[in-house]
Colleague: 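Mind having a look at this structure? Questions to follow.
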Amino acid sequence: MSEFDAIFVGAGHNSLACAAHLALKGWKTAVFERSATIGGAVQTHEYTVPGFRHDFGAMNLSLFAGSAFHRKYANELKTHGLEFAPVADCFASAFPDGRWFGVSNDLEKTASRLAGFSAADAATWRRLVAGFMPEAEHLFRLLGSPMSGRALAGTAWNLWRKKGFSDALDTGRLLLSSPRAWLEETFESPHVRTTLAAWGMHLDFAPDIAGGAVFPYLESMANQAFGMVLGEGGADTMIRALSGMVTAAGGKIVTGAEVAEITVAGGRATGVRLASGDFHIASKAVIASVAPRALTGKLLPDGSGDAGFDAAMKKFRYAPGTMMIHLALDELPDWRAGAELRQFAYVHLAPSLDAMSRTYQQAMAGMLPDEPVLVVGQPTAIDPSRAPKGKHILWVQVRMLPAEILGDAAGKIAPDRWDEVKQAYAERVLDIIESYAPGLRQKILGRAVFSPLDLERENPNLVGGDQICGSHHLAQNFLFRPARGYAGWNTPVANLHLTGAATWPGAGTGAASGYMLAQQLGGN
């Protein structure tokens with residue numbers, strides 16, 4: 001039995017950021033991780049062929065590069081090996097009609113491409129870019145602050161003082177709008193609208209879901225203004241740097257150590273019991289980076305003592321599932337729409353707003369979509385170190401998918417468990433990519449397919465293959481993430497805190513929930 005100031009359940013990037021900050025504040029910290037490797041959904045491994053390094057889940061580290069944690073600890077992170085690979089050509093969409101549109105961090109390049117679709121849209125883009133930094137100040141402040149009355153009041157006051165009442169209402173309207181509503185009132189080209197709307201699908205926002213407009217707006221404007229960054233050699237550069245910070249400050253990280261129970265006495269979390277039977281004491285805090293369903297009834301076998309909180313954890317809504325396909329390639333795809341697409345970090349394959357809406361509804365109904373949204377990552381176009389010289393990898397995220405299969409919208413795959421149908425569905429995905437990039441299959445040297453079920457097996461926080469650990473719809477975001485009254489990483493159990501994507505401010509690689517909790521516990 002050992003005693004620590006803080007014990008962490010799970011070693012995702014939010015846990016590690018929190019543990020690093022507290023350790024540097026003098027706390028004695030220990031992180032227990034059930035898997036053999038740390039990082040949660042941020043891992044990099046040779047899934048296909050030796051020498052080809054694939055990111056398991058997260059690939060884009062822009063949020064971490066721009067995070068408050070990185071601003072404070074950039075030197076320490078670099079000392080422990082953090083390296084970024086900057087991206088100039090950020091994202092694009094290819095379309096069935098042979099056209100494409102993409103956003104680069106060169107305004108003239110992006111505006112020129114836009115003008116090929118609509119002169120009015122090119123002018124609108126320039127206007128949005130010019131107004132982005134003043135608008136971003138308020139949005140980033142909101143997304144980077146605790147969900148407390150004081151923080152919200154400060155954000156609202158700053159917004160009103162700098163923008164005035166009418167313009168402040170416009171910001172509020174953006175936060176409440178659906179992607180389609182904002183895109184259709186802002187741009188006239190269907191191709192441009194579709195390219196930007198694809199970012200909503202990264203975060204559980206089909207085109208017609210309220211609250212989703214801000215994500216296409218922020219992603220497109222931030223990519224235009226700042227570009228994007230990947231991890232040099234793989235996204236796990238971030239995890240290795242964070243773990244180095246933790247251990248250098250005296251913290252302890254233990255892998256292959258599953259926490260079976262969070263121990264509670266007198267309404268206060270006192271430590272953890274491992275599956276091995278070992279007990280460890282936490283004198284100040286137990287911090288769980290887990291999906292809500294793992295908390296009550298499992299880690300807290302007798303519940304939290306608050307029936308309302310326990311019910312909210314059980315009713316927490318997860319987003320549709322995802323499939324990941326990793327390909328080792330002889331060379332990059334030959335995109336029919338144009339060779340310039342080979343330069344982009346992401347190429348989205350989603351024909352229209354209506355197609356995205358249909359895919360989302362099919363997945364929600366338990367059906368295998370006939371035409372899923374594909375996010376085709378080309379990391380070796382930016383970072384050749386991830387593959388042998390002259391070779392490449394593709395990172396293919398397939399969205400949206402049902403956790404349990406009730407049928408097939410295309411009527412070709414009999415409903416069954418994911419273990420039985422994943423290869424057949426992967427063939428459907430490759431057929432779609434092949435229609436945009438003929439000859440892809442001849443370039444494949446190896447492939448690895450992770451179904452929604454496989455993703456959950458690898459990381460129980462990815463419930464049903466949900467890579468964002470819970471829907472971000474308005475009823476489960478902001479003050480309601482993960483539940484009303486518990487958006488401050490608190491629980492009804494004293495000294496027990498939650499962190500990770502299921503908590504405010506949600507999914508992404510920014511480590512915001514872990515860092516804000518660490519500041520709350522240990523000071524700035």
Side-chain angles (χ1 to χ4, degrees), residues 4-8 10-31 33 37-44 55 58-87 136-137 140-141 143-146 151 222 226-254 284-285 287 289 383 488-489 497-501 503-524:
F4 303 92
D5 293 317
I7 289 176
F8 293 81
H13 65 283
N14 278 290
S15 286
L16 294 172
C18 188
H21 182 77
L22 292 177
L24 287 166
K25 290 293 182 181
W27 287 42
K28 186 178 180 183
T29 62
V31 182
E33 168 57 50
T37 54
I38 62 174
V42 185
Q43 298 188 35
T44 309
D55 290 336
M59 185 178 102
N60 180 354
L61 299 188
S62 298
L63 284 176
F64 190 70
S67 69
F69 184 89
H70 182 256
R71 286 196 298 274
K72 182 175 180 67
Y73 291 118
N75 291 335
E76 291 85 348
L77 288 162
K78 191 165 184 64
T79 297
H80 291 288
L82 178 66
E83 293 288 346
F84 292 128
V87 180
E137 174 192 344
F140 288 149
R141 177 170 177 165
L143 297 173
S145 297
F226 310 122
M228 182 186 287
V229 297
L230 308 184
E232 183 75 34
D236 65 344
T237 182
M238 178 178 78
I239 300 304
R240 287 184 277 108
L242 286 168
S243 64
M245 284 182 63
V246 172
T247 55
K252 182 177 181 180
I253 299 174
V254 185
K284 294 182 179 179
I287 299 162
S289 182
D383 174 20
W489 313 289
H497 305 272
L498 290 176
T499 188
T503 67
W504 173 254
T509 57
S513 71
Y515 184 41
M516 284 192 278
L517 173 59
Q519 291 175 303
Q520 183 175 290
L521 295 174
N524 296 327

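Quantities reported herein were computed from a predicted structural model and do not represent experimental measurements. FYI, side chains are in, hydrogens and waters are out, and symmetry mates aren't considered; it's all heavy atoms of this structure.
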Colleague: Can you list the residues that meet the salt bridge (Lys or Arg N to Asp or Glu O under 4.0 Å) rule with Asp236, with sequence neighbours excluded?
Modeller: Arg53, Arg240

Colleague: Would you please name every residue forming a side-chain contact (heavy atoms from CB on, under 4.5 Å) with Ala507, sequence neighbours left out?
Modeller: Leu203, Ile468, His472, Ala501

Colleague: Run the side-chain hydrogen bond (donor to acceptor under 3.5 Å, both in side chains) test against Ser243 and tell me which residues pass, sequence neighbours left out.
Modeller: none

Colleague: Taking salt bridge (Lys or Arg N to Asp or Glu O under 4.0 Å) as the test, write out the residues that go with Lys25, two or more places apart.
Modeller: none

Colleague: His21: what forms a side-chain hydrogen bond (donor to acceptor under 3.5 Å, both in side chains) with it, not counting sequence neighbours?
Modeller: Tyr73

Colleague: Can you list everything that forms a side-chain hydrogen bond (donor to acceptor under 3.5 Å, both in side chains) with Ser62? Sequence neighbours excluded, please.
Modeller: Asn60

Colleague: Could you name each residue pair satisfying salt bridge (Lys or Arg N to Asp or Glu O under 4.0 Å) that touches residues 74-87, not counting sequence neighbours?
Modeller: Lys78-Glu83

Colleague: List for me each residue that meets side-chain hydrogen bond (donor to acceptor under 3.5 Å, both in side chains) alongside Thr247, sequence neighbours excluded, and say none if there are none.
Modeller: none

Colleague: Can you name the residues that form a ring-ring contact (aromatic ring centres under 6.0 Å, His included) with Phe84, not counting sequence neighbours?
Modeller: His70

Colleague: Under the side-chain contact (heavy atoms from CB on, under 4.5 Å) test, which residues partner Ala58, sequence neighbours left out?
Modeller: Val42, Thr509

Colleague: Mind checking ring-ring contact (aromatic ring centres under 6.0 Å, His included) for Trp504 and listing every partner two or more places apart, or none if nothing turns up?
Modeller: Phe478

Colleague: List the atom pairs, donor and acceptor, that lie under 3.5 Å between side-chain atoms in residues 516-524 and the rest of the protein, sequence neighbours left out.
Modeller:
residue	atom	partner	partner atom	Å
Gln519	NE2	Tyr515	OH	3.4
Gln519	NE2	Asn524	OD1	3.1

Colleague: When you measure from the side chain of Thr44 to the backbone N and O of Ala235, does any donor-acceptor pair fall under 3.5 Å?
Modeller: yes

